[in-house]
Amino acid sequence: MPMPPTAASNSAGAQSATGDASGSLPARFHDATGIDLHLHSTASDGRLSPDALLHLCHRRGLHTVAVTDHDTVAGLAEAQQTARSLDMTLLPGAELSCRWRGIGIHVVALLPAAPGAVLADGLAQLSEARHQRAVEIARRLERAGLAQAFERAREEAGSDRPLGRPDFARALVTAGLVPDLPAAFKRYLGAGRPGDVKTHWPELAVVVDWIVRDGGVAVLAHPLRYRLTRRKLTQLLDDFTAAGGEGAELVSGYQNEQRTYDLAGLLERRGLYASLGSDFHYEGGALAPGTLGPLPTGNVVPIWQHPRLSGHATRSAPASLPTTGSVS
Ligand code: AMP
Ligand code: MN
Ligand code: MN
Ligand code: MN
């Protein structure tokens, strides 16, 4: 893995936070504004269509975004079309499900272009795994008292996309078994609960390999949200780096400032690039596109300076995407 340059060695090229006339992105992570590299649409468990999502991002002043739906790139073609019409830069992306030491982990793939054959095949495998997992979740929830769980979750999803735990959570709320979504996760779907099924997901190193082999950049999603001890977190970062992972989300939505600074040090020591994103899913929640905790100062190198993503960093014409948008 190439070591990223330090921010200091790069500062000669630094631009203002909003970029210069040619649209360069800031050289320092701390100066990032208008960038959100973790967003969901109706292609997975987000509530806005890719088109509506891009329009919201534009209204909120964002210029560079990645749509990172769970295990799919089905929303990218539409998102790309809207991004072009709004003169925004869209990085093709996806958030891949996997496991590490029995824990469900998410890896964001940021791609220089549409997925190649390896990642497309990997996403097809994840789509099938997601379906099989939904069947198992439904079986378990039926035992726990939610009759016709699969059908109910399908109805909540409102389309034929692969089901996720939020669809089952809504079904539990609609059926009156729990008062709200947090309670659904707490009692039925969260870590260690009956609906927490991880066995279908591939290992972390496998999904990282798919991304890297296709020329993408593997970014560990929201490292502070897995509730790991610091020791476990450092092990995860070590294993992720050894597998070929090259970046991690230093700032994901709101997070504790002190922990962000600590995480920045962990990334720097491993030569990992720093990414950022809101993990926005729907309006009315705590997060909106572009809402983030404080960005740390220091020498972490922003992910948009990665050589394989540098075509996006200059905000040149975005890479082409398939018109179907579907890989499965
Ligand atoms: P899945 O990808 O099907 O395993 O579902 C994971 C998704 O569930 C996450 O990406 C969030 O969108 C959502 N989620 C996870 N935990 C919670 C929670 N405690 N409350 C509400 N939504 C959650
Ligand atoms: Mn989600
Ligand atoms: Mn995630
Ligand atoms: Mn996400």
Side-chain angles (χ1 to χ4, degrees), residues 36-48 50 53 65-75 91 93-100 102-110 123 126-138 140-141 149-150 153-154 156-157 159 161-173 178-202 207 218-227 248-249 251-255 275-289 291-292:
D36 191 331
L37 302 180
H38 191 145
L39 299 160
H40 292 273
S41 78
T42 47
S44 66
D45 57 2
R47 304 291 261 178
L48 296 182
L53 173 65
V65 299
V67 173
T68 54
D69 276 305
H70 296 287
D71 306 318
T72 183
V73 291
L91 278 76
E95 183 177 15
L96 276 57
S97 308
C98 61
R99 60 196 162 120
W100 174 80
I103 301 166
I105 298 289
H106 289 168
V107 176
V108 165
L110 295 178
L123 291 171
L126 288 175
S127 174
E128 177 59 21
R130 188 169 272 281
H131 173 71
Q132 294 301 337
R133 185 190 69 147
V135 171
E136 175 62 18
I137 292 174
R140 292 180 180 205
L141 291 185
F150 193 95
R154 172 59 67 211
E156 296 289 340
S159 78
R161 64 164 170 77
L163 296 176
R165 282 182 287 168
D167 304 312
F168 288 99
R170 289 203 184 87
L172 287 161
V173 175
V178 287
D180 51 28
L181 292 183
F185 274 88
K186 199 165 173 204
R187 287 192 221 159
Y188 292 97
L189 294 157
R193 309 309 299 170
D196 174 35
V197 181
K198 298 173 296 255
T199 47
H200 298 79
W201 300 133
V207 305
V219 177
L220 182 66
H222 41 68
L224 300 181
R225 240 188 290 148
Y226 303 114
R227 298 169 192 249
E249 290 179 345
V251 178
S252 171
Y254 293 118
Q255 62 188 37
S275 188
L276 85 198
S278 62
D279 205 0
F280 170 77
H281 282 73
Y282 51 86
E283 290 179 285
L287 294 169
T291 46
L292 294 164

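We count ligands from 1, going down the list as the structure has it; atoms in each ligand are counted the same way.
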Determine, stepwise, if the pair R225 / D279 fulfils salt bridge (Lys or Arg N to Asp or Glu O under 4.0 Å). CA-CA 12 Å; R225 240 188 290 148; D279 205 0; 3.1 Å; yes
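In this structure, the side chains of L126 and P202 come closer than 4.5 Å at one or more pairs of heavy atoms. Side chains of L39 and P289 form a contact here, defined as non-hydrogen atoms less than 4.5 Å apart. Residues L96 and D71 meet the side-chain proximity criterion, which asks for heavy atoms closer than 4.5 Å.
By the 30° and 60° cut-offs, the orientation of the rings of H281 relative to H40 is parallel.
Where the criterion is an N or O separation shorter than 3.5 Å, residue side chain and backbone included, H281 meets it with respect to ligand 1. Ligand 1 has no N or O atom lying under 3.5 Å from any N or O atom of H106, backbone or side chain. Checked by distance only, ligand 1 and D45 come closer than 3.5 Å through their nitrogen or oxygen atoms.
For D279, the N, O or S atom closest to the Mn ion (ligand 4) goes by the atom name OD1. Looking at D45, its N, O or S atom nearest to the Mn ion (ligand 2) turns out to be OD2.
Counted within 6.0 Å of OH on Y226, heavy atoms from surrounding residues, nucleotides or ligands total more than 12; the atom is thus considered enclosed. Other residues, nucleotides and ligands place no more than 12 heavy atoms under 6.0 Å from the CZ atom of R47.
In this structure, the protein non-hydrogen atom closest to atom 3 (O) of ligand 1 is R133 NH2, 2.5 Å. Among all non-hydrogen protein atoms, the one lying nearest atom 6 (C) of ligand 1 is R165 NH2, 3.7 Å. P166 CD, 3.5 Å is the protein heavy atom nearest to atom 5 (O) of ligand 1. Of all protein heavy atoms, the one closest to atom 14 (N) of ligand 1 is F185 CZ, 3.3 Å.
Rounded to 10°, the angle formed at the Mn ion (ligand 4) by E95 OE1 and H40 NE2 is 90°. Rounded to 10 degrees, the NE2-metal-NE2 angle spanning H281 and H70 at the Mn ion (ligand 2) equals 120°.
No side-chain donor from either of H200 and E136 sits under 3.5 Å from a side-chain acceptor of the other.
A heavy-atom separation below 4.0 Å is found between R130 and ligand 1.
The Mn ion (ligand 4) has no N, O or S atom of H222 closer than 2.8 Å.
The contact set between ligand 1 and G164, taken as ligand atoms under 4.0 Å from a residue heavy atom, comprises 3 (O).
Look at D167 and R161 and you find a salt bridge, because one of the NZ, NE, NH1 or NH2 atoms lies within 4.0 Å of a carboxylate O, short of that distance.
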